[in-house]
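Both ligands and their constituent atoms are indexed starting at 1 by order of listing. Side chains are part of it too, since the values below use all heavy atoms of this structure and drop only hydrogens, waters and symmetry mates. Residues take their numbers from the sequence shown, with the count starting at 1.
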Amino acid sequence: MCGIVGAVAQRNVVPILLQGLQRLEYRGYDSAGLVVVHDKQLQRARSTGRVADLTLKSADISGHLGIAHTRWATHGVPSERNAHPHMSNASIAVVHNGIIENYEELRTRLTAQGYVFTSDTDTEVIAHLVHSHYKNGATLLAATQASLAELVGAYAIGVVAADNPAQLICSRKGSPLLLGVGKHENFIASDMSALLAVTKNVVYLEEGDVAEIGLDAYKVFDARGKPVTRPVQISELTNDSVELGEYKHYMLKEIFEQPQALANTLEAVCNSQSLIPGIFGAEASAAFAKIDSILILACGTSHNSGLVARNWLEEIAGIPCNVEIASEYRYRTSVSNPNTLIVTISQSGETADTLAALNHAKAVGHAHTLAICNVPESAIIRQSSLRFLTRAGPEIGVASTKAFTTQLAGLFLLTLVLAKLRGKLSQQQEQQHLHDLRHLPSAVQAVLKLEPAIKKLAENFANKHHALFLGRGLHYPIALEGALKLKEISYIHAEAYPAGELKHGPLALVDKDMPVIAVAPNDTLLEKLKSNLQEVRARGGELFVFADANTKIQSSEGVHVMQMPEHAGFLSPILHTIPLQLLAYYVALQKGTDVDKPRNLAKSVTVE
Ligand code: G6P
C-alpha cells in the first residue's frame, strides 16, 4: 500500500527518493510522485505509471530536500492529479499514507476559507491545513502539530515548505513510518528496505510521534508535544535480502527461501532439548497459565494459517480455539472472555484491520495478547503483550508464501507449548515433535524438487477461467490458501471447499472445464476424500491430486497425480502448501500476469 520516502541532505536527494520508491514498489501502488525544494520553490513530478516513468519525468529536477510517495488509490481514482505529493499555494507539500476520516468536513471548511482543491483525495486537506497555520506565522513543526490535532483517522505524513530548504516534518499514527539517520543527512520511509542504500541506523517512531528533521539533527515529540528520545537501532536488513538475485520473480525466490526461513524461525527451538513458553516473551508462562481458550484474528493468508492452527490447538493442546477475520471481529458485538488469549497473525504487522481488531479486543477486556509477526518493531508486535517473530526475512511478492509457512511453524510451537503446560504432551511426544520440526526444512526442500513437474502441470490451466480446490480437516485451510494464491496472481476464479461439502452445492459446477485440485495427505480422512474425488470424476471433472506416498491414488484418464513424500503427520499442511504455491506461480507465468504485483492488490494493507 502507499509508500513514503523523504530526505534532507547536502547532495541531490532525487536519486535517493527514486531508489527508495523502487524499493517500496512491492507494497502495491497505482501512481507515484515526488517534490523537492529548489531555490525556495517546490518542484513536483507525478506519474500514473511505474516508478521508472517517474524517474524519466523527474530528470530535470534536483534539490537537497524532498518527499516522495507511491499511492494506492482509496479516495479518488488513480490519476496524476490525485497522485501525491499534494501542495497548497506552491508553499507546502505533503505525502500521506492512511485515511483521514473527517476530510469532507475539513474540505468544506477550508473551501469556505478560500482554499482551492485540485484533487479528490483526503490528503489535500492536510496540505491546506498546514498552510493555514504556517501562513499565520507558526513554524512548520507547530503548523503540522496544529493540523494533526484536527485530523481524525490514520496517517503517516511527510511535510516540506518551499521557504524552509533544510527541514522535513513527519508524523505517524496508525500507519508505519521510521527515520533513517545518516551523516549530515537524514531520511524518512515507510519501511527500512527503502533506505538500505543510504543508512542502517533506524529510529522507529511511536504512535502519535511528530519529528522535526534537519541535516545534522532531528527532534522527536510525542503525541502531547513533549520532546522524547527514541533509540537508534541498527537494522539487520541486508541489501541481498531485498534483491532478486538469480530469480525471475520475488515470489519464486521466496518460495525457494522457505527451507532457510523455516530453519531460522525454528532455530531457538531446534537447538534446545525441550520447549519453553519463554519463546513467546518473558511473561508468557504467567499468561498461558491463566488462559482457557484462544481467539485468532487475522486477514488473508495469515487468516488461513490461523485456520490450520485451530485444528492443532484443539487436537494436540485440547484448548478451544476460534479464528475470525479481523475486519469482521472489529465491528461485531462479541462475547468476550478475559481468559481468552488473543493471537493476531500478520506478516507485516501493520495491517490496519488486524491492528484495529487487536485494539478492539483489548478495549473489550482481553489482557492477554500474542502477535505472530514477521516484522520486528511493527505496530502489532509493539501493541501485544506477547510476541513470536517469524524469521522469514523480507517478503516482497504480494502473494504471501514464506511468511505463511513460517507462521504455521510459529503456531505449531504455540500448540506444543500450550499442550505441554496443560499436561497433554508426554516427554516422548515432545521429543518426537522436536525431531519432526528439525527435519522440516529438509522435508520442504524435498517437496521443492517437484518444481519441474508442477511447471508442466500448470500448462493445463492456461485456458481455464475457474478452479475448485478441495481439502479436508487440517488440509482444508491449505485448499483455501491454494485457491487464494491462484486467484491473486493468475486472476483465475478459484474457490476452496472442504471436500465433504462438495455434494451440498459446488458439485453443480463440475464439468470438463472445471479443474479440481485436491490436497490428499495420507491421513485418517483419506478414504472419505477418495470418495469425494470419485464424485468429481463421475461428472467428468478433471482432477489434479497432490497425494502423499502410499495413498494408492494413481494417475489415469482425467486424473493427474503429483506424488508427495511420506505423510508428515501434523506438519503435513506445511509441505502440502509448497506445490500449490508453485502451481499458482507457474499458472500466472502462463497467463503473463504481473506475478509480484498483481492488479488491485497491495502487500501491506494499511487502510481499512
Ligand atoms: C494483503 C496481502 C496478503 C496478506 C494480507 C494480510 O491482502 O496481499 O498477502 O495475506 O494482506 O497481511 P498481513 O501482513 O497482516 O499478514
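Aromatic rings of His360 and Tyr329 (six-membered ring for Trp) have centroids within the 6.0 Å cut-off, being under it.
Listed here is the closest heavy atom pair of Ala458 and Gln590: O-CG, 4.1 Å.
Every pair tested for salt bridge (charged side-chain N to carboxylate O under 4.0 Å, His left out) that includes a residue from residues 571-591 fails, sequence neighbours excluded, so the list is empty.
Expressed to the nearest 0.5 Å, how far CZ of Arg46 lies from OG of Ser31 amounts to 8.5 Å.
Looking at Asn374, its side chain never comes within 3.5 Å of a backbone N or O of Gly349 through a donor-acceptor pair.
Exactly one residue among Gln258, Glu481, Glu254 makes a side chain to side chain donor-acceptor pair (under 3.5 Å) with Gln581. That residue is Gln258.
Near ligand 1, Cys299, Gly300, Thr301, Ser302, Ser346, Gln347, Ser348, Thr351, Val398, Ser400, Glu488, Ala602, Lys603, Val605 each place a heavy atom less than 4.0 angstrom from the ligand.
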